Asks: 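Attaching a single structure in C-alpha cells format; questions to follow.
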Amino acid sequence: MSGGCCLFALLLLALLCGLCHGRESAPGAVTCGSVLKLLNTRHSVRLHSHEVKYGSGSGQQSVTGVEASDDANSYWRIRGKSDSSCQRGTPVKCGQAIRLTHVNTGKNLHTHHFPSPLSNNQEVSAFGDDGEGDDLDIWIVQCSGTYWEREDAVRFKHVGTEVFLSITGEQYGHPIRGQREVHGMPTANHHNYWKAMEGVFIKPSMDPAKHDEL
C-alpha cells in the first residue's frame, strides 16, 4: 500500500473512532449533571444565591456575586432544558439550552421583566422548587468552539428575554453587605463572561459513586 493510501486509511480510522466515542472526545468539557462554581472574569466574583429574598421587584430569592471561593452557596448543577435533553456526563455544546439549579436551595437561575434593585438592569433571581420552575429558567451557553470547555470564558444568554447574565460591580448593603448585584444586560460585553471553577465534573462513563473534583 502506498504512503498516501496508508495516510488516508489512518485518517478514516481516526474519524470513525471519533464518531464511535463522541462523548469521550471532549475530556475538558463541562458536562451535564456536573456541579460547579461560576466566576465572573471581569469582577472576580462567583455566582451565588441564598435564602434571602429581594425586598423589591419580584420578591423572589436573590442571586448575587461573592468574592469568597469556599462558600457552599455558590454551587450550581448543570441541567438541560428537559431532563432528557442533557444526559448525565454528556459534554455541553456551545449553543445548547441549559438550566442552572442552585444546589443548596433547589431553585433555578431565572430572569424576567423586573428591574434589578441597584443598577436598574433586569433582575436575576432563583426560582422554583426542587429544580422545577418555568420557561424563564432557560439559558443558552455561548462559546466559540464545539463544547463548553472548562478553561474557556462563556456567556449565558436568556432564552425568554435575550439578556446576558452579567455583573457590573454594584454592591449591596445590609443584610448581604459587599455582595455584588447580578443582573441581565441586553448587550454582550466584558461584564458577562463566566468561567467554570471549583466543582465535581461528571465523566460520561464514570460510576455515580466516583467523581473528578477540582
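None of these values were measured; they are calculated from a predicted model. Scope of the values below: all heavy atoms of this structure, side chains included, with no hydrogens, waters or symmetry mates.
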Asks: Might you work through the ring pair (Phe, Tyr, Trp, His ring centres under 6.0 Å) test for H158 and H110, ending with a clear yes or no?
Replies: CA-CA 8 Å; H158 191 246; H110 181 95; 7.1 Å; no
Asks: Give a yes or no on whether I167 and V141 share a hydrophobic cluster (residues Ile, Leu, Val, Met, Phe, Trp, Tyr; joining criterion: side-chain heavy atoms under 4.5 Å apart).
Replies: yes
Asks: Would you say that S116 contacts E181 through its side chain, given a criterion of any heavy-atom pair below 4.5 Å between the two side chains?
Replies: yes
Asks: If every non-hydrogen atom of S125 is compared with every non-hydrogen atom of Q60, which pair is closest and at what distance?
Replies: OG-OE1, 2.6 Å
Asks: What I want to check is whether the side chains of T101 and N108 have a donor and an acceptor closer together than 3.5 Å.
Replies: yes
Asks: Side-chain donor-acceptor pairs under 3.5 Å in residues 63-70, sequence neighbours left out?
Replies:
from : atom 1 : to   : atom 2 : distance (Å)
T64  : OG1    : Q179 : OE1    : 2.5
E67  : OE2    : R180 : NH2    : 3.2

Asks: Hey, mind stepping through S74 and E198 against side chain to side chain contact (heavy atoms under 4.5 Å, CB included) and telling me if it holds?
Replies: CA-CA 10 Å; S74 299; E198 306 83 3; over 6 Å; no
Asks: Please report the C-alpha distance between E123 and H113 in whole Å, then the side-chain angles of each, then the deciding distance to 0.1 Å, and finally whether the side chain to side chain contact (heavy atoms under 4.5 Å, CB included) criterion is met.
Replies: CA-CA 7 Å; E123 180 193 277; H113 292 296; over 6 Å; no
Asks: Rounded to the nearest 0.5 Å, how far apart are CD of Q61 and CG of L109?
Replies: 11.0 Å
Asks: Is E51 atom CD crowded by more than 12 heavy atoms from other residues, nucleotides or ligands, each under 6.0 Å away?
Replies: no
Asks: Determine, using the 4.5 Å side-chain heavy-atom cutoff (strictly less than), whether V154 and I98 are members of one ILVMFWY cluster.
Replies: yes
Asks: Can you tell me how the ring of F156 sits relative to the ring of W148, calling it parallel under 30°, perpendicular over 60° and tilted otherwise?
Replies: perpendicular
Asks: For Q122 versus V163, what's the shortest heavy-atom pair and its separation?
Replies: NE2-CG2, 3.6 Å
Asks: Take M197 and R46, measure what side chain to side chain contact (heavy atoms under 4.5 Å, CB included) needs, and give me the verdict at the end.
Replies: CA-CA 9 Å; M197 299 297 288; R46 286 161 173 78; 3.5 Å; yes
Asks: Below 4.5 Å, heavy atoms only, C-beta onward: do C32 and V92 meet side chain to side chain?
Replies: yes
Asks: How many angstroms lie between atom CD of Q171 and atom CD1 of I176, to the nearest 0.5 angstrom?
Replies: 11.0 Å
Asks: Is R150 close enough and on-axis enough to F201, meaning under 6.0 Å and within 45°, for cation-pi?
Replies: yes
Asks: I want to know whether H102 and H50 have ring centres closer than 6.0 Å.
Replies: no
Asks: Looking only at non-hydrogen atoms, find the nearest pair between H48 and N73 and report the distance.
Replies: CE1-CB, 3.3 Å
Asks: Return the minimal non-hydrogen interatomic distance between S119 and H183, and the atom names on each side.
Replies: OG-ND1, 3.3 Å
Asks: To the nearest 0.5 Å, what is the distance between CG (N121) and OG1 (T168)?
Replies: 6.0 Å
Asks: Tell me which pairs pass side chain to side chain donor-acceptor pair (under 3.5 Å) where either residue lies in residues 33-42, with sequence neighbours left out.
Replies: T31-S34
Asks: Just do the side chain to side chain contact (heavy atoms under 4.5 Å, CB included) check on W76 and L47 with the steps written out, would you?
Replies: CA-CA 9 Å; W76 301 82; L47 188 69; 3.7 Å; yes
Asks: Report yes if the side chains of L39 and W194 come closer than 4.5 Å at any heavy-atom pair, otherwise no.
Replies: no
Asks: If I compare all heavy atoms of F164 with all of P186, which pair ends up nearest, and what's the gap?
Replies: CE1-O, 3.9 Å
Asks: Is it the case that over 12 heavy atoms from other parts of the model lie below 6.0 angstrom from the OH atom of Y193?
Replies: no
Asks: Would you sort out whether K195 and D152 count as a salt bridge (charged side-chain N to carboxylate O under 4.0 Å, His left out), showing the intermediate values?
Replies: CA-CA 6 Å; K195 185 177 178 181; D152 292 344; over 6 Å; no
Asks: Mind checking whether E132 and D130 have side chains closer than 4.5 Å, heavy atoms only?
Replies: no
Asks: Decide whether L118 and Y54 are clustered together by the hydrophobic rule: side chain heavy atoms of Ile, Leu, Val, Met, Phe, Trp, Tyr closer than 4.5 Å, transitively.
Replies: yes
Asks: If I take atom CG from residue L165 and atom CH2 from residue W139, how far apart are they, to the nearest 0.5 angstrom?
Replies: 5.0 Å
Asks: Calculate, to the nearest 0.5 Å, the distance between atoms CG and CG belonging to L100 and L36 respectively.
Replies: 7.5 Å
Asks: Return the minimal non-hydrogen interatomic distance between V52 and P175, and the atom names on each side.
Replies: CG1-CG, 4.3 Å
